[in-house]
Amino acid sequence: MPSFHNGAVEIAYLDEGEGDPILLVHGFASTKNVNWVYPAWVSELKKNGRRVIALDNRGHGDSAKLYDPEAYHIGTMAGDVSALMDHLNIERADIMGYSLGSRMTAWLARSQPQRLRSAIFGGIGIGLIEGGGPGENVAAALEAPSLEDVTDPVGRTFRAFADQTRSDRRALAACLRGSRRLMTADEAAGISVPVLIAVGSADDIAGSADALGKIIPGSQVLNIANRDHMRAVGDKVYKTGVLDFLSRRR
């Protein structure tokens, strides 16, 4: 698996296929494989003529594990994505995030719009601005001795997921505490690249996609019926909607 260094931090990534590039940025406690390879996103996008690049976020997967929350500022994590683009000599690309990956993508869309042909925010709605996502209860669950010691239901969900992905739970807790900066409504309203917001209708973590869509000018909303935060990732409605959105970015 290839990797590169952004400063002292080693970042693992995959780079497959040919055509217009799309970067995929996974969610908290996930990996490029769990979020994008296993649910067939990579193969589907390649089949549709795209060059697909996906990284393991710092603290996740095969990338470097860091234990200082300050190393996980959302702008710093987003900087790993633009540094990967520089490493691969990609000037501009479509970028699709999921959950935390969407927060990173939104940061890039606001701060470096010239690098994005479009942005897809999967698994994040108004939670981008008003909270949403895992909080200190999840960090505590990650640091608990075992899953049996966790009583908070959201904490249990993320702890079980972290155990399933064999993640470094101490690095994840640091990531969670360091990356919690929210975007203001004014910042979100300043996003000027084409945006698709895709959220499961049963997702109680992301917040309302429609509410975020009313704030980001010209954005499109895709509601993924009967899917929660974990199960929306590989849904065929999500894939079809994204492929349609991308087909109109010529």
Side-chain angles (χ1 to χ4, degrees), residues 22-30 35 55 57-58 69-70 72-85 92-136 138 154 175-224 227-229 232-233 237-238 241-242 244-246 248-249:
I22 179 167
L23 267 80
L24 308 179
V25 191
H26 68 74
F28 176 72
S30 191
N35 220 143
L55 75 161
N57 293 333
R58 55 177 58 204
E70 290 301 312
Y72 295 99
H73 184 283
I74 198 72
T76 304
M77 295 189 72
D80 292 334
V81 179
S82 55
L84 176 56
M85 293 175 70
R92 191 165 174 257
D94 299 295
I95 302 183
M96 175 163 65
Y98 197 84
S99 197
L100 172 61
S102 292
R103 294 181 185 274
M104 294 161 62
T105 302
W107 179 280
L108 289 172
R110 186 72 176 87
S111 62
Q112 300 182 47
Q114 73 280 5
R115 306 299 301 268
L116 283 76
R117 189 170 76 161
S118 72
I120 300 164
F121 302 160
I124 197 73
I126 198 64
L128 180 71
I129 296 166
E130 295 182 356
E136 181 59 30
V138 173
V154 176
C175 175
L176 182 58
R177 292 184 174 117
S179 64
R180 288 293 296 163
R181 180 193 182 278
L182 301 178
M183 185 168 275
T184 68
D186 284 346
E187 287 171 336
I191 293 175
S192 58
V193 304
V195 171
L196 175 67
I197 303 163
V199 175
S201 65
D203 188 336
D204 56 2
I205 292 174
S208 167
D210 292 302
L212 182 61
K214 291 174 182 175
I215 293 171
I216 300 177
S219 59
Q220 300 174 44
V221 171
L222 174 65
N223 287 299
I224 308 164
R227 296 298 190 194
D228 62 18
H229 196 69
V233 177
V237 171
Y238 182 16
V242 165
D244 177 64
F245 175 77
L246 291 172
R248 292 182 270 114
R249 304 276 75 74

Take F245 and L222 through the test side-chain contact (heavy atoms from CB on, under 4.5 Å) and record every step on the way to the result. CA-CA 10 Å; F245 175 77; L222 174 65; over 6 Å; no
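- Using a 4.5 Å heavy-atom threshold, the side chains of R227 and Y238 count as separate.
- Applying the ring pair (Phe, Tyr, Trp, His ring centres under 6.0 Å) test to Y98 and every residue at least two apart in sequence or in another chain returns H229.
- Contact check for R115 versus L108: no side-chain heavy atoms found under the 4.5 Å cut-off.
- Sparse packing is recorded around CD of E70, with 12 or fewer heavy atoms of other residues, nucleotides or ligands lying under 6.0 Å away.
- The structure places CD1 of I126 at 4.0 Å from CD1 of I129, a figure rounded to the nearest 0.5 Å.
- Proximity of T105 to L116: side-chain heavy atoms (C-beta onward) are separated by under 4.5 Å at one or more points.
- Here CD1 of I120 is found 11.5 Å from CD1 of I197. Values are rounded to the nearest 0.5 Å.
- The closest side-chain heavy-atom distance from I224 to D203 is not below 4.5 Å.
- Atoms CG and CE, on L100 and M77 in that order, are 5.0 Å from each other to the nearest 0.5 Å.
- The distance from the CG atom of L23 to the CE atom of M85 is 6.0 Å, given to the nearest 0.5 Å.
- Of the possible donor and acceptor atoms, one in the side chain of S219 sits under 3.5 Å from a partner among the backbone N and O of G213.
- When every heavy atom of A209 is checked against every heavy atom of N223, the shortest pair comes out as CB-OD1, 4.1 Å.
- Considering only residues two or more places apart in sequence or on other chains, R110 meets the salt bridge (charged side-chain N to carboxylate O under 4.0 Å, His left out) condition with none of them.
- Considering every non-hydrogen atom in both A119 and V193, the closest pair reads CB-CG2, 4.0 Å.
- Residue L128 comes nearest to A106 through the heavy atom pair CD1-CB, 3.9 Å, listed as atom of the first residue, atom of the second, then distance.
- With rounding to the nearest 0.5 angstrom, the CD1 atom of I124 is 6.5 Å from the OG atom of S102.
- In terms of the salt bridge (charged side-chain N to carboxylate O under 4.0 Å, His left out) criterion, residue partners of D94 (sequence neighbours excluded) are, by chain and number, R50, R117.
- With hydrogens and angles disregarded, no donor-acceptor distance shorter than 3.5 Å links the side chain of S179 to the backbone of I74.
- Taken from SG in C175 to CZ in R180, the straight-line distance is 10.5 Å, to the nearest 0.5 Å.
- Judged as a side-chain hydrogen bond (donor to acceptor under 3.5 Å, both in side chains), and not counting sequence neighbours, the contacts of D244 are R248.
- Of all the heavy atoms in A206 and V199, the pair that sits closest is CB-CG1, 3.8 Å.
- The only member of I22, V81, L24 that meets side chain to side chain contact (heavy atoms under 4.5 Å, CB included) when paired with I95 is V81.
- Residues satisfying the salt bridge (charged side-chain N to carboxylate O under 4.0 Å, His left out) criterion with R177, sequence neighbours excluded, are E136, E143.
- For residues 72-85, the set of pairs meeting the side chain to side chain donor-acceptor pair (under 3.5 Å) definition, not counting sequence neighbours, comprises N6-D80, R58-D80.
- When atom types are taken as modelled, the side chain of N57 and the backbone of V25 share no donor-acceptor pair closer than 3.5 angstrom.
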